[in-house]
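Comments concern the structure below.
We count ligands from 1, going down the list as the structure has it; atoms in each ligand are counted the same way. Computed over heavy atoms, backbone and side chain alike; hydrogens, waters and symmetry mates excluded.
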Amino acid sequence: MLQRLKALFGKTSAAPLQTLESDNIPQHIAIIMDGNGRWAKRRGLPRMAGHHSGMKAVKRITMAADRVGVKYLTLYAFSTENWKRPKAEVEFLMKLPQEFLAMEIKDLMEKNVRIRIMGYKEDLPSHTLKAVEDAVALTSGNTGLVLTFALNYGSRKEMIEAMKSIGRDIRDGKLDPDEIDVPDVESRLLSTGLPDPDLLIRTSGELRLSNFMLWQLAYSEMWFTDVYWPEFSDQHFYEAVREYQRRARRYGGL
Ligand code: FPP
């Protein structure tokens, strides 16, 4: 029982890469990167230092995901609710994508990583949008790991927009309400083109989804850890994958 609880909350000792089964790697891992502020506070640093350190973890975990053979990595970088934070923090967070990309784009290109953005672009500051759109364009021909930044993303808004689109198509006689099926909804979500996540990781000890990929996570395995995002290491990442490999996925069947 204790072992199971430890595994559920990711408190087991970190796993080395060699312990992973190469034929059962999650295709898509989504991460709620949480705990930057608390990490900084614990060190007597400003919250921004936590976000900056969190940016370094983004590079580390992208490389670890690529090494393991994950095909899609989706990172929750800014939610539709994060605008409620103090202006200075929002401005700082909005500068991180361009700082990250300026620093790392060369390595990402070398690793054949393709960058995508999932979120409501129209509300992003122009400097943020330009940096990510340039990176999306530059990496569009890459065929390796697909790294998606959920930026100004919110699942409820995503579902409301999908419902509106369905409503318009019904009104215009293009869709029969009795015929609506899963693809009709999925083709209207921001995640179109991405498979559903196999594994969701959330750092920092919080046990909630915070409006992240609510539709897409329907059958995902979840793994929570107390570790704050800035100190989330390759070994923690491997441990999450290792725990995923111990799970039996049944999708409602037996
Ligand atoms: C949640 O931690 C984290 C965020 C809202 C921002 C996440 C952003 C990064 C990790 C950097 C993103 C980097 C790129 C390249 C886009 P929190 O601030 O809520 O932490 P707390 O709960 O401890 O206060």
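In this structure, Phe100 and Phe149 have perpendicular ring planes: the angle between them is above 60°, well past the 30° mark. Note: Tyr76 and Phe212 have parallel aromatic rings, judged against thresholds of 30 and 60 degrees for the angle between ring planes.
Taking 4.5 Å as the limit, some side-chain heavy atom of Leu151 sits within range of a side-chain heavy atom of Pro97.
Near Asn82, meaning under 4.0 Å from one of its heavy atoms, ligand 1 places the atoms 5 (C).
The shortest N or O to N or O distance between Trp39 and ligand 1 is not under 3.5 Å. Remark: ligand 1 and Asp34 share an N or O pair separated by less than 3.5 Å (distance only, no angle test). Among the atoms of Asn36, some N or O lies under 3.5 angstrom from an N or O of ligand 1. Here's the thing with Tyr76: none of its N/O atoms is less than 3.5 angstrom from an N/O atom of ligand 1.
At the top of the distance list for atom 3 (C) of ligand 1, counting protein heavy atoms only, stands Met33 O, 3.2 Å.
Other residues, nucleotides and ligands contribute more than 12 heavy atoms inside 6.0 Å of the CZ atom of Arg43.
Contact annotation for Leu101 and ligand 1: no heavy atom of the residue comes within less than 4.0 Å of the ligand. Only side-chain heavy atoms of Trp229 come within less than 4.0 Å of ligand 1; its backbone N, CA, C and O stay farther off.
Of the candidates Ala77, Ala150, Gly54, it is Ala77 that places a heavy atom closest to atom 6 (C) of ligand 1.
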